[in-house]
2 protein chains.
Amino acid sequence: MVSIKDIAKKAGVSISTVSYALNGSSKVTDETSSKILAIARELNYIPNAAARTLKKRESKILGVFLTDFKGDVYGELLGGMKEVCNAQGYDLIVCSGKQSHRMLPERMIDGAVILDQTFTSEELLTYADRNHKIVVLDRELDHPNINQVLLDNKAGATLATEYLVEQGHKKIYVVTGPAGSFDSIQRMKAVKLVADRADDVEWIEIAGDFKKSGGEHAAEQIVREYKGPVAVFCLNDEMAIGLCNRIAETDLRIGDHIHVIGFDNIELTRYMQPRLATIDYSKHKWGALASEQLIKIIAGEKVEHERIYVTLVEGESVGKGVKSIVTRG
Amino acid sequence: MVSIKDIAKKAGVSISTVSYALNGSSKVTDETSSKILAIARELNYIPNAAARTLKKRESKILGVFLTDFKGDVYGELLGGMKEVCNAQGYDLIVCSGKQSHRMLPERMIDGAVILDQTFTSEELLTYADRNHKIVVLDRELDHPNINQVLLDNKAGATLATEYLVEQGHKKIYVVTGPAGSFDSIQRMKAVKLVADRADDVEWIEIAGDFKKSGGEHAAEQIVREYKGPVAVFCLNDEMAIGLCNRIAETDLRIGDHIHVIGFDNIELTRYMQPRLATIDYSKHKWGALASEQLIKIIAGEKVEHERIYVTLVEGESVGKGVKSIVTRG
DNA sequence: TTGTAGGCGTTATCAC
DNA sequence: GTGATAACGCCTACAA
């Protein structure tokens with residue numbers, strides 16, 4: 001491995017001069033500088049990241065932690081993060097799994113964006129106490145070294161539920177995420193609020209998992225209990241897809257007997273027949289904002305928690321409720 | 001930051017003893033060892049990755065480089081990689097974009113898996129010459145420090161084309177990937193071979209991009225030129241989806257007027273109506289094998305290039321060709 | 001403008 | 001079994 005020492009020797013200068021030249025310091029003559037640069041290139045010099053990180057106590061690398069690599073939301077989210085990171089001179093690495101948690105405390109990265117169930121909140125608070133910088137996307141956590149960039153789950157679930165109610169549906173199944181999921185809990189809360197306030201609306205909770213299988217199981221229960229048209233709010237699109245798929249194997253029709261709305265507006269929904277109603281938000285912006293916030297708190301700036309706004313996407317997967325047709329004629 | 005120096009001071013021993021104890025060396029008494037460990041825990045000691053990497057000249061981190069974070073293939077692939085990495089004591093980080101290339105030469109990672117157009121082959125060979133270990137998934141490259149784990153593109157494209165021919169199709173559009181894509185070129189070669197060998201089969205190449213938009217554009221051209229049933233081999237599923245989608249807006253029917261087959265068997269295809277015929281392979285295994293190979297060459301083992309086998313998945317998106325019905329009736 | 005020297009936190013080679 | 005001590009490659013006062 002060729003180091004600045006080798007360059008110094010070959011150039012007949014000291015290693016500090018080499019270091020200055022390499023870092024573009026104005027303290028060194030243009031002449032010596034260009035000579036050093038030429039030799040560096042000639043020797044194929046590449047700086048050593050570990051040494052630089054050790055000395056400077058920063059790696060200029062940000063990490064994002066995901067529960068797993070699957071999941072349709074991640075592509076755009078990561079794209080948004082990368083864009084901001086790169087523009088600010090940071091590199092982005094994506095990690096998953098308990099083993100990789102060490103990247104943060106061991107200071108391999110300068111900060112972390114968390115969208116990862118495998119981190120407990122206690123763990124994150126511990127890191128924050130040790131002065132590590134964190135942005136959380138999947139929970140609420142109050143600490144000077146932690147910033148939140150959360151989806152407006154309440155608004156989204158409210159929009160979705162109100163949409164179902166407005167369409168005249170009186171019986172609403174809600175398929176939740178896995179136990180303990182922050183998004184699921186928040187969305188569920190909003191559903192209850194809206195449904196309980198509405199006239200004569202019944203809601204039934206079905207435990208899901210935010211995966212296709214959860215939707216499939218829910219479909220089976222709903223079909224079993226079927227007595228007449230019902231609405232289903234799947235707390236994410238992936239379950240909605242699983243559900244629609246399973247329903248498609250029966251005589252019941254989506255948007256006719258079973259009215260379905262999801263959450264996330266993942267790309268897949270655009271290709272469903274009928275088009276899935278869902279809640280949309282900019283994943284790209286979510287990622288971009290998360291990175292921005294992280295870089296700011298690393299720079300020592302004070303920042304406020306942020307919220308990502310959501311909108312309703314209508315779709316033929318939700319039709320009019322029977323009673324609504326009668327009532328509204 | 002608490003270092004082994006702090007522990008040494010508090011324990012009244014030298015830093016080398018601390019280091020030994022922390023690394024579980026048998027050279028140190030159980031008594032001193034446990035005392036040191038206790039103090040380390042008490043002080044919340046966390047080793048510094050940069051220092052360790054600098055000294056040991058290895059980070060125990062492997063990197064995988066992707067052209068972008070989107071793309072349906074990646075989830076399972078990365079899952080397979082992570083599984084093997086973790087089992088072997090390595091961490092996996094996912095990177096994308098030109099800026100992140102530095103991770104390899106700067107020795108932030110011990111090796112790289114490449115599925116990334118932003119690396120030129122020259123660049124990779126340069127790294128390999130400098131003794132960096134690489135596994136390529138998207139090109140052929142011969143170098144002692146580089147191993148290939150490639151899809152059996154030839155077999156896949158042959159299966160797909162033969163399937164279309166066997167079904168009696170005489171006119172086959174082939175929608176390619178972006179210019180220079182290794183997979184696209186290999187698949188195209190196999191198509192030509194099969195089609196030219198077949199009796200009375202005409203093939204027409206349409207330049208694509210491996211993205212939905214490429215399939216959409218191809219659909220437009222095909223519709224414009226439509227005179228009677230034709231087959232289309234989209235060199236990946238994503239384009240096939242774009243194509244089917246655009247076709248759905250016309251009077252033509254997939255599997256009836258336009259017979260489509262894809263490549264990759266991405267999850268989305270399972271939810272298409274009609275089911276897309278395609279070429280399947282285990283993405284999980286692909287990733288697992290890539291990691292295995294990388295870890296082996298890092299360990300100095302000699303390894304052979306590997307190949308991932310593929311199979312044909314039939315689907316209703318391909319029906320019988322008209323002439324075939326007449327002939328074979 | 002350039003050189004000297006100390007140190008970032010570890011590991012590892014020596015002595016003792 | 002334990003303790004100095006010298007690296008690893010780089011940065012950065014401070015001195016010259």
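Sequence lines set the chain letters: A, B, ... in the order given, protein chains first and strands last, and positions in each chain run from 1.
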To check you understand the geometry: which heavy-atom pair defines the closest contact between [X] and [Y], and what is its length?
{"X": "B/Gln148", "Y": "B/Arg139", "answer": "CG-O, 4.0 Å"}
{"X": "B/Lys27", "Y": "B/Tyr20", "answer": "NZ-OH, 3.6 Å"}
{"X": "A/Cys85", "Y": "A/Leu62", "answer": "SG-CD2, 3.7 Å"}

Report the distance from atom [atom1] of [X] to atom [atom2] of [N], rounded to the nearest whole Å.
{"X": "B/Tyr45", "N": "C/dT11", "atom1": "OH", "atom2": "C1'", "answer": "11 Å"}
{"X": "B/Ile15", "N": "C/dC8", "atom1": "CD1", "atom2": "C1'", "answer": "13 Å"}
{"X": "A/Met108", "N": "C/dG9", "atom1": "CE", "atom2": "P", "answer": "14 Å"}

### Query
Going by the angle between their ring planes, with limits at 30° and 60°, are A/Phe119 and A/His101 parallel, tilted or perpendicular?
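Rings of A/Phe119 and A/His101: parallel, under 30°.
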### Query
Where the side chain of A/Arg57 is defined as all heavy atoms beyond and including C-beta, which of C/dC8, C/dT4, C/dT11 is the nearest nucleotide?
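The answer is C/dC8, which lies nearest to the side chain.
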### Side chain of B/Asn23 - closest among C/dG9, C/dT11, C/dT2
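So the nucleotide nearest the side chain must be C/dT11.
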### Query
Which nucleotide of DNA chain D is the first, and which the last, in the 5' to 3' direction, to come under 4.0 Å of a heavy atom belonging to chain B?
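Reading along DNA chain D, I get D/dG1 to D/dG9.
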### Message
Under 3.5 Å, is there any donor-acceptor pair linking the side chain of B/Lys55 to the base of C/dT10?
### Response
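There is none.
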### Query
With a non-hydrogen cut-off below 4.0 angstrom, is B/Thr29 in contact with a base, only sugar-phosphate, or nothing?
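The answer is sugar-phosphate, as B/Thr29 gets under 4.0 Å only of primed atoms, P, OP1 or OP2.
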### Query
Take atom NZ in A/Lys302; do more than 12 heavy atoms of anything else shown fall under 6.0 Å from it?
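Not more than 12 within 6.0 Å, no.
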Which atom pairs link the protein and nucleotides 13-16 of chain C when you take only N or O atoms and keep those under 3.5 Å?
| unit_1 | atom_1 | unit_2 | atom_2 | d |
| --- | --- | --- | --- | --- |
| C/dT13 | O4 | B/Tyr20 | OH | 3.2 |

### Task
Report yes if the side chains of A/Val149 and A/Ile308 come closer than 4.5 Å at any heavy-atom pair, otherwise no.
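Yes. Closest side-chain heavy atoms under 4.5 Å.
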